[in-house]
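To keep things clear, I will list the structure first and then write my remarks on it.
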Amino acid sequence: MTFDLYTILYIIAIIAEAMTAALLAGKLEMDLVGVFLLGWVTALGGGSIRDVLLNHYPLSWVRHPSYSLITGFAALATIVVARHMHKLRKLFLFLDAIGLVVFTVIGCQIAIVGHLSLICVVISGMITGCMGGVLRDILCNDVPLLFRSELYGTVSVSTAIVFLLCSHYIDNKNIELIIAMIFGITFRLLSIRYNWTLPRFTYRS
Amino acid sequence: MTFDLYTILYIIAIIAEAMTAALLAGKLEMDLVGVFLLGWVTALGGGSIRDVLLNHYPLSWVRHPSYSLITGFAALATIVVARHMHKLRKLFLFLDAIGLVVFTVIGCQIAIVGHLSLICVVISGMITGCMGGVLRDILCNDVPLLFRSELYGTVSVSTAIVFLLCSHYIDNKNIELIIAMIFGITFRLLSIRYNWTLPRFTYRS
Amino acid sequence: MTFDLYTILYIIAIIAEAMTAALLAGKLEMDLVGVFLLGWVTALGGGSIRDVLLNHYPLSWVRHPSYSLITGFAALATIVVARHMHKLRKLFLFLDAIGLVVFTVIGCQIAIVGHLSLICVVISGMITGCMGGVLRDILCNDVPLLFRSELYGTVSVSTAIVFLLCSHYIDNKNIELIIAMIFGITFRLLSIRYNWTLPRFTYRS
């Protein structure tokens, strides 16, 4: 049951990430292979970096080849859906928030199972939640969004901390997950709605 | 004997990749260390990413230190040869096609030996064939060619599939390799000659 | 005692790297999370890439969670110190040189302990010394400094070779380290002071 809820949310998350990446590929007028690959890297890249750094083999897409197919189809399906996208914009922001939060929680969970320190649990959550988007932005030759704005990183860190607290005090994996998700998604959507930002550091040499 | 043919082609491939990278370094007016490093990363980076993702240690350049020397010398030799390059342009496109195809086949082969799923065999081939060039383009601060044009990725995917079919129906490693190579190199050279492109996905938000 | 000297210098090095990265983040007007993350990646990224490539687990920041806190605090402290930075510019160049040289030597040391070939020892030193800065520049969407100028790579390579020679002829870890450091830091500071550069390779197709 725990497994099921996690897996369902994970699959929603990789679809959401692949689709947002495909839209960005469309803005850059990439060809079909580019759309496919950018979706794949964005959806599966964050988890892959985490697993490589934590020596956690085999990677999820090696163990479950279907994940590669799912992200590929989601990216290509986006091409068909794209013309209706402006109507779906809110659904999309919601899916993207689910992606960020679910990836973060899964990253934390894997580090907890591996008995890592609390700091590494949070880092593992952030890497899983944010690094796919960082790879996407690097491949599109942009300063990653994570470093610039939108509280992406802040939402990920605080979701990781909330999940860590929950997993300490609550003994039910699903309830932990749901509390962290409600927190993270609410935080993310509020930050978009009200344009929350962190203070910037400006330095001129 | 199989080993020999693979090794000879692999060495031709890393030389070709290091030389094309060095030419790009020359366009960006990099210094000698930059030329050397860009050649090294381009030639050995794709295989390194594959081995890290598939937990396939030690990496080839750790096991065979001579590969690092070969790519380094090839990159630096390019500086001497560069003035005659326009005469050699066709040779170069041919060597580059060999690089793409040989890397792809080697990546497939390693995944097959590791008993990975068919999808992962194709992905392993693509990563090996294309990721060196992606790293090169990222380091040169460019949107990777792979995502933009030239059927680079398409040639790699279809070569991987042809090789996979061959390795299923044929029982001789050298013949499999040669068929996949003839297919891949022909496809690549035709795509350059006739400017084949995939449809692009254009999206304006 | 050897352990102590290495560890003290390593901590100075990660602080120095995190601070230089934070200054760059300030130039790009990143927000607080961006400053923190760029510092973390720059300070710990080079060693992480080396450990992943050499299959040397667990990574240092997994084994020593305090390293993540140190780099984070160093990056954020830079925001406070930044206004006095122009007075501290020389101290900073000195710390940065320590970072480059210490990282290089530690990378060599790890490869020597792992019984790698001489070439791989030098490569391991370079990766450790330079890759943090390369990741920093990629994330800031710039052609990495390493490929462009400043003898960064040259200092790293030659420090690695000096250290390798010392470790062959001298039997005291601290003395090896100190000789390589004096060489590397002197080379680096002289190259900045006198604007030394390597010849560039210019190619027009």
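Note on naming: letters A, B, ... go to the chains in the order of the sequence lines (proteins, then strands), and numbering restarts at 1 for each one. Excluded from the calculations below are hydrogen atoms, water molecules and symmetry mates; all remaining heavy atoms, backbone and side chain alike, are included. Given the structure is predicted, the values throughout are model-derived calculations rather than measurements.
Neither the backbone nor the side chain of Pro58(B) comes within less than 4.5 Å of any heavy atom of chain C. Residue contact with chain C, scored on non-hydrogen atoms closer than 4.5 Å, involves the backbone and the side chain of Ala82(B) alike. Contacts of Leu198(C) with chain B are made by both backbone and side-chain atoms, with heavy-atom separations under 4.5 Å. Proximity to chain C (any heavy atom under 4.5 Å) is restricted, for Leu69(B), to the side chain, taken from C-beta onward. Heavy atoms closer than 4.5 Å to chain B are found in the side chain of Ile127(C), but not in its backbone.
For the atom pair Arg63(B) CZ and Ser117(C) OG, the distance stands at 12.5 Å (nearest 0.5 Å). Between the CE atom in Met126(C) and the CZ atom in Phe36(B) there is a gap of 8.0 Å [rounded to 0.5 Å]. With values rounded to the nearest 0.5 angstrom, Phe201(C) atom CZ is found 11.5 Å from Leu38(B) atom CG. Annotation: the span from Arg200(C) atom CZ to Leu32(B) atom CG amounts to 10.0 Å, rounded to 0.5 Å. We find the CG-CG distance between Asp137(C) and Leu139(B) to be 10.0 Å, quoted to the nearest 0.5 Å. How far CG of Leu54(C) is from CG of Leu59(B): 7.5 Å, rounded to the nearest 0.5 Å.
Within a 6.0 Å sphere centred on CZ of Phe73(C), other residues, nucleotides and ligands contribute 12 heavy atoms or fewer. Within 6.0 Å of atom CZ in Phe183(B), more than 12 heavy atoms from other residues, nucleotides or ligands are found, so the atom counts as buried in its surroundings.
No side-chain donor-acceptor contact under 3.5 Å links Asp31(B) to the backbone of Pro199(C).
The closest side-chain heavy-atom distance from Leu53(C) to Val52(B) is below 4.5 Å. Contact annotation: the side chain of Trp61(B) approaches that of Ile123(C) to within less than 4.5 Å [non-hydrogen atoms, C-beta and beyond]. Residues Ile138(B) and Ile138(C) have side chains in contact (heavy-atom distance under 4.5 Å, counting atoms from C-beta outward).
Residues Ser68(B) and Ile119(C) approach most closely at CB-CG2, 4.0 Å, considering heavy atoms.
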